[in-house]
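Residue numbers begin at 1 in each chain, while the letters A, B, ... track the order of the sequences.
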Amino acid sequence: MRFSKLFAPTLKEDPAEAEIISHKLLVRAGMLRKVASGIYSYLPLGFKVLNKVINIVREEMDKAGAEELLMSALQPAEIWQKSGRWAEYGPEMMRLKDRGNRDFCLGPTHEELITTIVMNEMLSYRQLPVTLYQIQVKFRDEIRPRFGLMRGREFIMKDAYSFDLNEKTLQESYKKMHGAYSRILERCGLEYRAVEAESGLIGGDVSQEFMVLADNGEEAIVYCDKCSYAANREAAKTAKTEGESDDFKLLEEVNTPERKTISEVSEFLRISPKNIVKTLIYQTEYGIKIVLVRGDREVNQEKLNRVIETDKVTLLSNEEFGRYSDLIPGYSGPVGLNNYEIIGDNEILSMRNFVVGANKKNTHFVNVNIERDFKVDKWGDFVFINEGDKCPSCGGILKITRGIEIGHIFQLGDKYSKALNATFLDENGERRFYTIGCYGIGVSRLVQATIEQNHDDKGIIWPIPLAPFKVIVIVLNTKDEEQNTIGENIYNGLLNKDVEVIIDDREESAGKKFADADLIGVPYQIIIGKRTKAGSKVELKTRKDNQKTEIPIEDAVEKVCLLLRAD
RNA sequence: CGGGGCGUGGCUCAGUUUGGUAGAGCACUUGGUUUGGGACCAAGGGGUCGGAGGUUCAAAUCCUCUCGCCCCGACCA
């Protein structure tokens with residue numbers, strides 16, 4: 001490829017639309033352009049990289065025994081109505097009608113469709129397990145598209161689905177996908193973690209996320225410094241707390257004028273927030289719920305939803321407080337509140353002689369104890385983990401870092417096969433539900449995550465396997481015939497060796513050529529300038545570490561091929 | 001949907017407070033000089049000031065409505 005012919009409009013200035021570095025660089029390097037909010041077009045360079053990722057994904061999926069197919073992006077409403085998700089998915093689903101007024105959607109995912117395809121063939125147990133995948137455009141009308149390809153409304157995803165005889169063989173299929181995902185991320189040169197996750201809307205029991213570590217990541221990940229425990233902060237469990245053995249002290253009412261928040265009460269009474277129990281009043285479809293967590297904790301709504309078994313939980317607003325004379329904002333507590341269900345976080349089980357609101361203005365109780373002073377109707381784990389907490393699996397200390405969710409793998413079980421009545425015939429000729437797993441990789445997101453992890457102040461630093469070109473031959477002065485000849489010779493030499501190479505033959509200033517080569521992140525640069533004469537040396541620069549070496553012109557092709565083979 | 005902000009040549013932005021008929025840098029075109037880190041000189045093209053309506057002698061600027069985009073919160077690959 002010749003740079004003079006390449007459609008790669010590079011930008012000197014950061015685009016106003018972009019917030020994070022990877023998004024800025026994708027646009028500046030002439031790889032990506034916005035079409036509408038959360039919708040993008042890939043320019044030739046960006047498309048090249050996208051295809052590199054796609055090929056890696058494809059190779060590893062095939063190696064793991066999965067078979068590629070391509071389903072339609074447009075899906076009829078019926079299959080979604082059967083699974084119940086037509087209603088459940090909400091406004092995030094891009095819906096449309098055909099001319100006959102029939103409902104369709106642009107697929108946000110393909111569980112329903114793949115299950116329908118497989119069930120229609122009435123497989124025998126002898127044909128199982130089978131894992132099918134596709135690389136497809138997905139549509140989700142995100143509430144807030146963000147960060148370019150990180151959260152688009154149209155994005156490219158590799159989604160795979162395994163159909164198994166039972167839980168046991170599902171675990172094997174799952175393990176294979178886990179392995180394939182690990183290899184994909186390794187080949188892309190990424191630092192990542194596989195973490196325990198929440199299953200969310202898709203459902204199922206076991207699920208893990210593959211997180212690419214990045215400071216700008218949207219997810220917080222918790223990991224143990226001693227053992228292999230790692231989890232999404234949304235899903236991270238609290239460690240079991242040991243019961244403290246203090247004797248119960250006498251319950252006392254204390255005056256706490258205008259001290260409403262945990263920090264105010266903590267300061268005023270000179271006690272740690274860990275010895276206060278925070279009382280939160282939630283409005284749910286089943287009425288008011290009193291939720292208790294340790295004073296230093298934040299409630300994890302997702303987890304709480306699971307405990308209450310609803311997704312319609314909101315904190316009671318100030319106006320709503322007025323309707324309940326026994327609920328006093330800032331001074332609420334479980335003692336004496338017998339009209340509502342009280343739900344306690346597991347952590348407070350071990351607390352002794354703690355502080356709670358007294359349901360009376362400007363008053364708190366001290367030396368409160370569970371059972372003696374109030375009863376908890378239901379226990380659960382629904383707080384966020386903090387850095388420094390104990391590891392739930394080994395007792396080590398937990399750390400928090402940020403990550404970009406690139407892959408998510410689920411053991412779904414029979415949720416969809418039951419909903420859609422998808423069965424196979426077992427050895428006795430009886431119908432049984434498939435045990436299903438599903439596995440996603442955000443392919444377009446992966447492209448951007450790679451940049452987030454591989455860049456410097458000059459631009460992108462592509463890992464070799466993803467680089468749109470492996471080598472750029474830079475002829476600094478194209479009006480110098482000698483430079484041109486040397487450059488063209490090396491360029492043709494590399495082409496003959498099937499190296500993906502581009503020659504910068506533009507009539508631009510030297511500085512612009514250097515800047516563009518660095519910006520688009522080509523791993524190796526061969527620089528031909530006025531120092532380069534026939535029979536002399538060219539400069540070879542590696543983008544990653546800015547190493548510059550002089551090599552004889554006639555060795556250049558061979559040397560680069562050697563380097564590429566080593567990588 | 002709630003809160004905040006922005007829409008002015010292809011891009012990044014100034015001009016809006018205090019109405020007077022649109023500007024800079026980058027990019028682009030032509031010519032010339034340059035070519036080891038985003039060159040210089042000269043000439044040039046390009047803007048319904050997001051859209052609609054209103055106020056006014058006069059609107060990018062004031063008012064009303066509307067559309068789009070960005071940021072902060074709940075959803076997720």
Side-chain angles (χ1 to χ4, degrees), chain A residues 9-20 23-24 27-28 30 33-39 57 88-93 108-110 135-160 181 197-202 207 209-212 218-219 232 234 301-302 305 311-315 404-410 438-449 458-459 474-480 483 504 506-519 525 527-532 538-539 541 546 548:
Chain A
T10 57
L11 264 34
K12 205 167 181 173
E13 280 166 299
D14 284 338
E17 82 202 35
E19 176 84 351
I20 60 173
H23 184 196
K24 288 179 184 170
V27 176
R28 281 190 52 209
R33 289 293 184 264
K34 187 168 77 173
V35 178
S37 177
I39 302 175
V57 169
E88 207 179 320
Y89 230 98
E92 196 161 307
M93 187 186 259
T109 175
H110 282 72
I135 295 165
Q136 241 281 25
V137 177
K138 305 274 191 222
F139 300 86
R140 290 185 195 170
D141 198 355
E142 290 284 346
I143 298 165
R144 192 149 92 80
R146 231 199 298 214
F147 300 150
L149 299 178
M150 290 294 193
R151 179 180 297 276
R153 296 196 292 170
E154 171 181 325
F155 58 98
I156 296 167
M157 182 170 162
K158 187 285 305 172
D159 48 322
Y181 276 38
E198 290 281 342
S199 304
L201 205 53
I202 294 177
S207 100
E209 288 167 338
F210 283 78
M211 298 285 214
V212 167
E218 288 192 274
E219 302 289 334
N232 189 311
E234 298 280 336
Q301 199 89 39
E302 279 281 308
N305 288 351
D311 55 0
K312 298 185 189 71
V313 175
T314 48
L315 271 172
I404 299 163
E405 183 185 356
I406 284 300
H408 202 157
I409 58 180
F410 302 80
C438 85
Y439 317 90
I441 288 184
V443 175
S444 36
R445 183 183 277 187
L446 180 49
V447 170
Q448 194 174 327
K458 295 200 179 87
I474 304 176
V475 178
L476 287 181
N477 185 357
T478 46
K479 291 199 172 134
D480 181 327
Q483 285 186 32
D504 195 343
R506 297 175 299 172
E507 285 190 24
E508 293 285 356
S509 71
K512 164 113 174 146
K513 293 184 182 181
F514 283 128
D516 278 346
D518 288 344
L519 177 61
Q525 302 174 7
I527 297 152
I528 293 140
K530 64 184 167 201
R531 292 189 226 141
T532 318
V538 290
E539 185 178 302
K541 187 183 123 180
N546 206 29
K548 294 168 190 164

Under 4.0 angstrom, heavy atoms only, what part of the nucleic acid is [X] near: base, sugar-phosphate, or nothing?
X        : result
A/Gly440 : nothing
A/Glu209 : nothing
A/Glu508 : base
A/Gly407 : sugar-phosphate
A/Arg28  : base
A/Leu476 : base
A/Asp516 : base
A/Leu446 : nothing
A/Asp14  : sugar-phosphate
A/Gly152 : base
A/Ser509 : base
A/Gln448 : nothing

Grab the [atom1]-[atom2] distance between [X] and [N] for me, whole Å please.
X        : N      : atom1 : atom2 : result
A/Lys34  : B/rG10 : NZ    : P     : 16 Å
A/Lys479 : B/rA39 : NZ    : P     : 14 Å
A/His408 : B/rA77 : NE2   : C1'   : 9 Å
A/Asn477 : B/rG36 : CG    : C1'   : 11 Å
A/Lys548 : B/rG37 : NZ    : P     : 10 Å
A/Lys12  : B/rG10 : NZ    : C1'   : 16 Å
A/Glu142 : B/rC75 : CD    : P     : 11 Å
A/Glu13  : B/rG25 : CD    : P     : 12 Å

Taking atom [atom1] in both [N] and [M], compute the distance separating them and give it to the nearest angstrom.
N      : M      : atom1 : answer
B/rU61 : B/rA77 : P     : 45 Å
B/rA52 : B/rC57 : C1'   : 23 Å
B/rG23 : B/rA39 : C1'   : 25 Å
B/rG15 : B/rG20 : C1'   : 14 Å
B/rC65 : B/rG2  : P     : 15 Å
B/rA22 : B/rG9  : C1'   : 11 Å
B/rG7  : B/rC13 : C1'   : 12 Å
B/rG36 : B/rA24 : P     : 31 Å

State which of [options] makes the closest approach to the side chain of [X].
X        : options                : value
A/Glu17  : B/rC72, B/rA77, B/rC70 : B/rC70
A/Thr10  : B/rA77, B/rG36, B/rG38 : B/rG38
A/Ser37  : B/rA77, B/rC69, B/rG37 : B/rC69
A/Glu539 : B/rG36, B/rU35, B/rG38 : B/rG36
A/Arg445 : B/rC76, B/rC1, B/rC69  : B/rC76

- Task: Assess whether side-chain contact (heavy atoms from CB on, under 4.5 Å) is satisfied between A/Glu154 and A/Val35, documenting all intermediate values.
- Result: CA-CA 11 Å; A/Glu154 171 181 325; A/Val35 178; over 6 Å; no
Watson-Crick or G-U counterpart of [N], or none if no pair lies under 3.5 Å:
N      : value
B/rA27 : none
B/rA22 : none
B/rC75 : none
B/rU61 : none
B/rU55 : none
B/rC69 : B/rG5

- Which sits closer to the 5' end of RNA chain B, A/Pro145 or A/Asp518, going by the nucleotide each is nearest to? A/Asp518
- Message: I want to confirm an ordering. Mapping A/Lys541 and A/Glu219 to their closest nucleotides on RNA chain B, which one lands closer to the 5' end?
- Response: A/Lys541
- Query: Is it true that A/Lys541 and A/Asp518 make a salt bridge, defined as a side-chain N closer than 4.0 Å to a carboxylate O?
  - Reply: yes
- Just one of A/Tyr181, A/Phe210, A/Phe410 clears the side chain to side chain contact (heavy atoms under 4.5 Å, CB included) bar with A/Tyr439, so which one? A/Tyr181
- Note on the structure: side chain to side chain contact (heavy atoms under 4.5 Å, CB included) with A/Pro108: of A/Met93, A/Arg153, A/Met157, only one passes, and it is A/Met93
Please check this pair: side chain of [X] against backbone of [Y], looking for a donor-acceptor N/O pair closer than 3.5 Å.
X        : Y        : value
A/Glu209 : A/Ala197 : no
A/Glu539 : A/Ile527 : no
A/Arg445 : A/Ile406 : no
A/Gln136 : A/His110 : no
A/Ser444 : A/Ile156 : yes

- Task: Compare the ring of A/Phe514 with the six-membered ring in the base of B/rG36 and state whether they stack (centres under 5.5 Å, planes under 30°).
- Result: no
Distance check: side-chain N/O of [X] vs OP1/OP2 of [N], anything under 4.0 Å?
X        : N      : result
A/Arg151 : B/rC75 : no
A/Arg146 : B/rG73 : yes
A/Arg144 : B/rG73 : yes
A/Lys530 : B/rG36 : yes

